[in-house]
Amino acid sequence: MAMTALELGLRGAVVALFLVVCAVLLLRYAAVHRAAHLGAAMGVAGAAYAITTAPFFPASTFGWSSPFIAFAMGSPVIFWLWARAMFDERFTLRPWHAAVWTLLAGLGVVSHNCWTIWPDLAGPCGRALALATIGFAVLGIAQIPKGWRTAVTTARGRILIALLIGIGLQMMFAAAAGLAAIPTRSISLSAALALGAFALIAIWMMLFDPPESQPAVAGAGTGQAAPVARSLAKGGPPASSQAALNHLKHLMATERTYRQEGLTIGVLAVKLGMPEYRLRTLINDGLGHRNFNAFLNRYRLDEAKAALADAGQAEVLVLTIALDAGFQSLAPFNRAFKADTGLTPTEFRRRATAAQTTDAAEIARSE
């Protein structure tokens, strides 16, 4: 009884975690990343699976439990579509994808609810569902090679690959257990633990930006973009990457996109028409920045320093300059500025003004 209570509590926590995944994806990424809605659907499916495989869940009824079963059993199709959206740049959702999901979800509802009514129908449906689950899990994992070379260059990309493989293997294991007639109760706790781990990893990936390893580049931190040493050793980046770098530099240096409020790497990726992981690779490996925030702050700080050194803007408040450059408030601007220059913005302006005054005096004496 104690183990059952522990499992029910764990499953409740897993459901809550998946709901957090859905909320973060829909609120933070839905407008800028094409895979966000599919990721949220994965979260709903994960929560439904945690509920439908829990102790005391009704074994056979066509009542209120059917929607939960449909979402849980249709999850392999959602997993496959989500993997395609993450790794296949040419992927777009089609109406027939919904038909495939409906078919698999229907098999799940029939196989779950008909054991006591039509066992001769439930058995074949259950086997078909298990085989389809294994097939879609394999198809999902098979999407990885399409974006492998770029994804493995960043920590986030490597974690994404591990998460996708882990979810796919868990689906195959559960389906194989069903084909082998292994009692659900014997693997239910391990399944709940696996679901919880997947949810925690997903939340960590969405809410935190793991620092990437900073490549050894000449001139890093000077505001000048420097390519990675290994790119130089290969004769420079490919033409497609160079075109993307040029577009990125145009957006930042000419259109000053860094000033945009709420700018995220996802928003910038949409503007460039490329997956987020590819943009992250361009920023880290193509330009030598530690992460997206360091890249963004480079442009913002350079603009702020130019404004602070401009005698024509001597009366402009430091806060106004910070906000114009894209910072959301004064405190993070002061911290970033001090870390970059060793001076506060006010000290920097004072020194720039003094240097300009000295230069003007020297020019006047020479005349």
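Quick caveat: nothing in here was measured; it's all calculated off a predicted structure. Atoms considered below: every heavy atom in the structure, side chains included; atoms not considered: hydrogens, waters and symmetry mates.
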Hey, can you pull the donor-acceptor pairs under 3.5 Å for the side chains in residues 310-326, sequence neighbours left out?
unit_1 : atom_1 : unit_2 : atom_2 : d
Asp310 : OD1    : Gly312 : N      : 3.0
Asp310 : OD2    : Gln313 : NE2    : 3.2

Side-chain atoms of residues 130-147: list all donor-acceptor pairs with protein atoms under 3.5 Å, sequence neighbours left out, distances to 0.1 Å.
unit_1 : atom_1 : unit_2 : atom_2 : d
Thr133 : OG1    : Leu129 : O      : 2.8
Gln143 : OE1    : Lys146 : NZ     : 2.8
Gln143 : NE2    : Leu139 : O      : 2.9
Lys146 : NZ     : Asp88  : OD2    : 3.4

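Applying the side chain to side chain contact (heavy atoms under 4.5 Å, CB included) test to Ile51 and every residue at least two apart in sequence or in another chain returns Val15, Phe57, Phe68. Remark: Asn297 pairs with Arg300, Leu301, Phe327, Ala336 by the side chain to side chain contact (heavy atoms under 4.5 Å, CB included) rule, at least two apart or across chains. Under the side-chain hydrogen bond (donor to acceptor under 3.5 Å, both in side chains) criterion, Glu255 pairs with His250, sequence neighbours left out. For His247, the side chain to side chain contact (heavy atoms under 4.5 Å, CB included) partners are Leu251, Leu272, not counting sequence neighbours. Among residues two or more places apart in sequence or in another chain, the side chain to side chain contact (heavy atoms under 4.5 Å, CB included) test is passed with Glu347 by Leu343, Thr344, Arg350. Under the ring-ring contact (aromatic ring centres under 6.0 Å, His included) criterion, His97 pairs with Trp80, Phe91, sequence neighbours left out. With sequence neighbours excluded, the residues that form a salt bridge (charged side-chain N to carboxylate O under 4.0 Å, His left out) with Arg259 are Glu303. Partners of Arg94 according to the side-chain hydrogen bond (donor to acceptor under 3.5 Å, both in side chains) rule, which considers only residues two or more places apart in sequence or in another chain, are Thr92.
As a member of the Ile/Leu/Val/Met/Phe/Trp/Tyr network built from side-chain separations under 4.5 Å, Leu103 groups with nothing else and remains a singleton.
In the hydrophobic clustering of ILVMFWY residues, with side-chain heavy atoms under 4.5 Å counting as a link, Phe337 and Tyr299 come out apart.
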